Amino acid sequence: PNPTEAHAVERALEGKTPDQAIAHLEKNAPTPDQRLIAGRVRQQMKRLSAAGVRYEFKIAHLGMMVPAQLQGARGISAHRLADGKIGVFLNGTDVVGRVGTSYEVALHEFVHAATQGAIRFGNQKANADTPLGREVKDLYNVTNAIVKHFNERVRNPIKFTKFESAIYTGNANALQNADEVVAWALSNREMQDYLDTIPYNSNQTLWGKFVEAVRTFLGLPAKADTALSEVLRIADRLLSQDSVAIATQNVQPAQARLDF
């Protein structure tokens with residue numbers, strides 16, 4: 001992030017509770033789509049909290065004890081749902097080269113905090129025939145289609161966009177797994193633009209209010225046959241799932257790499 005934003009976000013979020021931090025994003029994030037998504041994330045986190053999940057939020061500084069995964073990232077969402085804990089950590093402005101105090105990185109990690117449990121839960125074999133299981137299957141299907149499209153582009157990397165180059169060189173983990181596809185699609189404009197170039201036909205009814213609102217705020221035309229529309233549709237459902245069941249799941253940390 002640029003230094004002005006990084007210091008402003010650090011001042012605004014330092015010492016805040018998780019709910020206060022995401023509430024700040026909901027009110028103050030620079031774009032309407034980010035504020036809308038932060039609001040949906042906050043609602044889901046409230047449901048998870050009511051189900052017994054304990055959230056932690058911390059801005060990490062040099063010399064502090066932090067999860068090991070944070071050493072190679074700008075921020076992480078560390079899930080320990082077996083004992084009811086989800087921690088969101090962002091590197092502060094003194095962690096030169098890996099500063100995480102931007103609206104984008106903060107939103108990215110809070111999206112993980114609100115959705116990763118649902119994705120893991122829905123991916124379990126026992127839940128394959130549940131509504132959540134079917135949504136997560138759709139998520140993996142569209143993720144595979146996105147990766148396939150990217151791999152086809154790799155055959156001629158000279159035509160790569162800046163964003164595709166960042167993925168190719170490992171500086172952006174946007175296609176690492178289904179969790180990252182969701183978090184990047186809900187927080188990064190370049191990812192959103194990229195997904196909107198990928199044709200994707202789904203048998204689902206795509207157009208909920210959330211999908212329409214995000215597209216409107218992004219200034220993107222109303223079309224239902226791209227990977228972006230499908231990921232937004234699924235994200236809408238992941239932010240609306242049964243939090244009591246989600247709260248019992250044990251999932252691993254997720255992290256954001258935003259080095260380009």
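In what follows, every heavy atom counts, from backbone to side chain, and hydrogens, waters and symmetry copies are set aside. Predicted, not measured: the structure shown is a model, and the values here were computed from it.
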Interatomic distance, H149 atom NE2 to E152 atom CD [nearest 0.5 angstrom]
7.0 Å
Out of N91, T93, T101, which residue meets the side-chain hydrogen bond (donor to acceptor under 3.5 Å, both in side chains) rule with E10?
T93
Quick one: are S102 and V9 in side-chain contact, heavy atoms under 4.5 Å?
no
Output, in order, the C-alpha distance, side-chain angles, deciding distance and verdict of side-chain contact (heavy atoms from CB on, under 4.5 Å) for L195 and I198.
CA-CA 5 Å; L195 294 182; I198 302 175; 4.2 Å; yes
Nearest heavy-atom pair of E164 and Y194: which atoms, and what distance?
OE2-CE1, 3.2 Å
Please tell me if the side chains of V105 and L90 come closer than 4.5 Å, counting only heavy atoms from C-beta onward.
yes
Where do A227 and Y200 come nearest, in terms of heavy atoms and distance?
N-CB, 3.6 Å
When you compare the side chain of I37 with that of L107, does any pair of heavy atoms fall below 4.5 Å?
yes
Considering non-hydrogen atoms only, spot the tightest contact between A23 and R42 and give its length.
CB-CZ, 3.6 Å
Exceeds 12 heavy-atom contacts within 6.0 angstrom, atom NZ of K137
no
Describe, in one word, how the ring planes of Y168 and F160 are oriented to each other, choosing from parallel (under 30°), tilted (30 to 60°) and perpendicular (over 60°).
perpendicular
For the residue pair I22 and A38, what are the closest heavy atoms and their distance?
CG1-O, 3.7 Å
Give a yes or no on this: more than 12 heavy atoms of other residues, nucleotides or ligands lie within 6.0 Å of atom OH of Y140.
yes
Common cluster, V95/M64, ILVMFWY with side-chain heavy-atom separation under 4.5 Å
no
Using 0.5 Å steps for rounding, measure from the NE2 atom of H112 to the CD atom of E180.
3.5 Å
Testing the basics here: between H108 and S187, what is the closest heavy-atom pair and its distance to 0.1 Å?
ND1-OG, 3.4 Å
Side chain to side chain, E230 and T226, heavy atoms closer than 4.5 Å
no
Going through the checks in order, is the side-chain contact (heavy atoms from CB on, under 4.5 Å) test met by V41 and Q44?
CA-CA 5 Å; V41 167; Q44 183 70 343; 5.9 Å; no
So do E104 and N188 actually touch side chain to side chain, heavy atoms under 4.5 Å?
yes
Minimum heavy-atom distance between V66 and A60, given as atom pair plus value:
CG1-CB, 3.5 Å
Identify which one of L186, V214, V111, D236 satisfies the side-chain contact (heavy atoms from CB on, under 4.5 Å) criterion when paired with R40.
D236
Counting only N and O atoms by type, is there a donor-acceptor contact under 3.5 Å from the side chain of E109 to the main-chain atoms of V88?
no
Applying salt bridge (Lys or Arg N to Asp or Glu O under 4.0 Å), run through R134 and D129 and close with a yes or a no.
CA-CA 6 Å; R134 289 188 285 272; D129 292 328; 5.1 Å; no
Run the side chain to side chain donor-acceptor pair (under 3.5 Å) check on R215 and S229 step by step: do they pass?
CA-CA 9 Å; R215 275 193 165 278; S229 291; 3.1 Å; yes
So, E5 side chain and Y103 main chain: donor-acceptor pair closer than 3.5 Å or not?
yes
Assess the side chains of D33 and T31: does a donor N or O sit below 3.5 Å from an acceptor N or O?
yes
For atom CG of N156, decide whether the heavy atoms of other residues, nucleotides or ligands shown that lie under 6.0 angstrom number more than 12.
yes
Enter the distance from T143:OG1 to N177:CG here, rounded to the nearest 0.5 Å.
8.0 Å
Under 3.5 Å donor-acceptor, D94 side chain and L62 backbone
yes
Distance-only, no hydrogens or angles: does the R74 side chain make a donor-acceptor pair with backbone N or O of V99 under 3.5 Å?
yes
Less than 4.5 Å apart, side chain to side chain, heavy atoms only: is that true for E56 and I86?
no
Between the CD atom in Q124 and the OG1 atom in T130, the distance rounded to the nearest 0.5 Å is 9.5 Å
Side-chain touch L139/L238, heavy atoms, less than 4.5 angstrom
yes
Geometric class of the W184/F163 ring pair [parallel <30°, tilted 30-60°, perpendicular >60°]
tilted
Are Y55 and I119 connected in the hydrophobic side-chain network, where two residues link if heavy atoms are under 4.5 Å apart?
yes
Evaluate the criterion side-chain contact (heavy atoms from CB on, under 4.5 Å) for residue pair I234 and V142; output intermediate values, then yes/no.
CA-CA 10 Å; I234 295 165; V142 70; 4.2 Å; yes
side-chain contact (heavy atoms from CB on, under 4.5 Å) between R120 and H79: does it pass, once the steps are laid out?
CA-CA 11 Å; R120 290 290 180 270; H79 296 240; over 6 Å; no
Separation between CD1 (I76) and CG (L70), nearest 0.5 Å, reads 5.0 Å
Are the ring centres of F110 and F57 closer than 6.0 Å?
yes
Any E135 side-chain heavy atom under 4.5 Å of R233 side chain:
yes
How long is the span from the OG1 atom in T197 to the CG atom in L228, to the nearest 0.5 Å?
10.0 Å
Heavy-atom donor-acceptor pair, N28 side chain to H24 backbone, under 3.5 Å
yes
N127 side chain vs F121 backbone, donor-acceptor pair below 3.5 Å
yes
